[in-house]
Chemist: 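This is the structure I want to talk about, given as structure tokens.
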Amino acid sequence: MENEISPLEKTVIDNIRRIRQKKGISQTRLSIFSGTSASYIGLMETYKNIPKLSTIERIAQALDVPVLQLFCEQSNASSTPEESSRSVSKKKMMKEQVKNEILNRLGTELDTLLNML
């Protein structure tokens with residue numbers, strides 16, 4: 001189903017919204033600095049637009065955060081050592097999931113480009 005949002009996509013969008021709001025940046029301002037439209041940011045934050053990797057890179061730059069920060073689930077600052085250990089495992093799994101998704105998307109886009117030649 002093409003319109004379903006993956007947990008990773010939801011994490012990225014939620015992080016973009018959270019960081020934008022924490023920094024007091026409006027959707028309009030973020031759109032200007034990331035080269036998108038304000039309506040695109042609004043639709044993205046309601047899960048109606050799923051950003052491409054290139055858009056995520058521009059948004060991270062506009063928010064002045066590392067791109068990988070957008071792909072990581074937020075951890076609880078007051079976690080116990082056991083929760084911390086689980087968090088590390090989740091981060092490793094998330095990194096692997098991000099890596100696989102990036103490789104899959106790059107492969108698909110590369111196949112498309114090669115077919116055009």
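For the numbers below, each heavy atom of this structure counts, side chains included, while hydrogens, waters and symmetry mates do not.
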Chemist: Quick one: side chains of residues 58-69, donor-acceptor pairs under 3.5 Å with protein atoms, not counting sequence neighbours, listed by atom name and distance.
Modeler:
unit_1	atom_1	unit_2	atom_2	d
Arg58	NE	Ser34	O	2.7

Chemist: Which residues pass the side-chain hydrogen bond (donor to acceptor under 3.5 Å, both in side chains) test with Asn49, sequence neighbours left out?
Modeler: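 Partners of Asn49 by the side-chain hydrogen bond (donor to acceptor under 3.5 Å, both in side chains) criterion come out as none, since no residue qualifies.
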Chemist: Answer yes or no: is there a side-chain heavy-atom contact under 4.5 Å between Tyr40 and Thr55?
Modeler: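 Contact flag for Tyr40/Thr55 side chains = yes.
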Chemist: Do Leu30 and Phe33 share a hydrophobic cluster, counting only Ile, Leu, Val, Met, Phe, Trp and Tyr and linking them when any side-chain heavy atoms are less than 4.5 Å apart?
Modeler: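 Result: no, two separate clusters.
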Chemist: Please identify which of these residues, Ile16, Asp14, Ile13, meets the side chain to side chain contact (heavy atoms under 4.5 Å, CB included) condition with Leu70.
Modeler: Ile16
Chemist: Look up atom NZ in Lys10 and atom CD in Glu4, then write down how far apart they are to the nearest 0.5 Å.
Modeler: 14.0 Å
Chemist: Can you pull out every salt bridge (Lys or Arg N to Asp or Glu O under 4.0 Å) where at least one residue sits in residues 30-39? Sequence neighbours excluded, please.
Modeler: none
Chemist: Is Met44 linked to Ile32 within one hydrophobic cluster, defined over Ile, Leu, Val, Met, Phe, Trp and Tyr using a side-chain heavy-atom separation of less than 4.5 Å?
Modeler: no
Chemist: Which pairs count as salt bridge (Lys or Arg N to Asp or Glu O under 4.0 Å) when at least one residue sits in residues 34-43, sequence neighbours excluded?
Modeler: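 Found none.
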Chemist: Listed by chain and number, what are the side-chain hydrogen bond (donor to acceptor under 3.5 Å, both in side chains) partners of Ser26, not counting sequence neighbours?
Modeler: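 If we apply the side-chain hydrogen bond (donor to acceptor under 3.5 Å, both in side chains) test to Ser26, skipping adjacent residues, there are no hits.
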Chemist: Treat each ILVMFWY residue as a node, draw an edge where side-chain heavy atoms are under 4.5 Å apart, and state whether Leu53 and Ile5 are in one component.
Modeler: yes
Chemist: Name all residues meeting the side-chain contact (heavy atoms from CB on, under 4.5 Å) criterion together with Ser6; count only those two or more places apart in sequence or in a different chain, and write none if there are none.
Modeler: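 Partners of Ser6 by the side-chain contact (heavy atoms from CB on, under 4.5 Å) criterion, ordered by chain and then number, come out as Leu8, Glu9, Glu101.
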Chemist: Answer yes if Leu43 and Ile19 sit in the same cluster of Ile, Leu, Val, Met, Phe, Trp and Tyr residues linked by side chain heavy atoms under 4.5 Å apart, and no otherwise.
Modeler: no
Chemist: Listing request: all salt bridge (Lys or Arg N to Asp or Glu O under 4.0 Å) pairs with a residue in residues 22-48, at least two apart in sequence or in separate chains.
Modeler: Arg20-Glu45
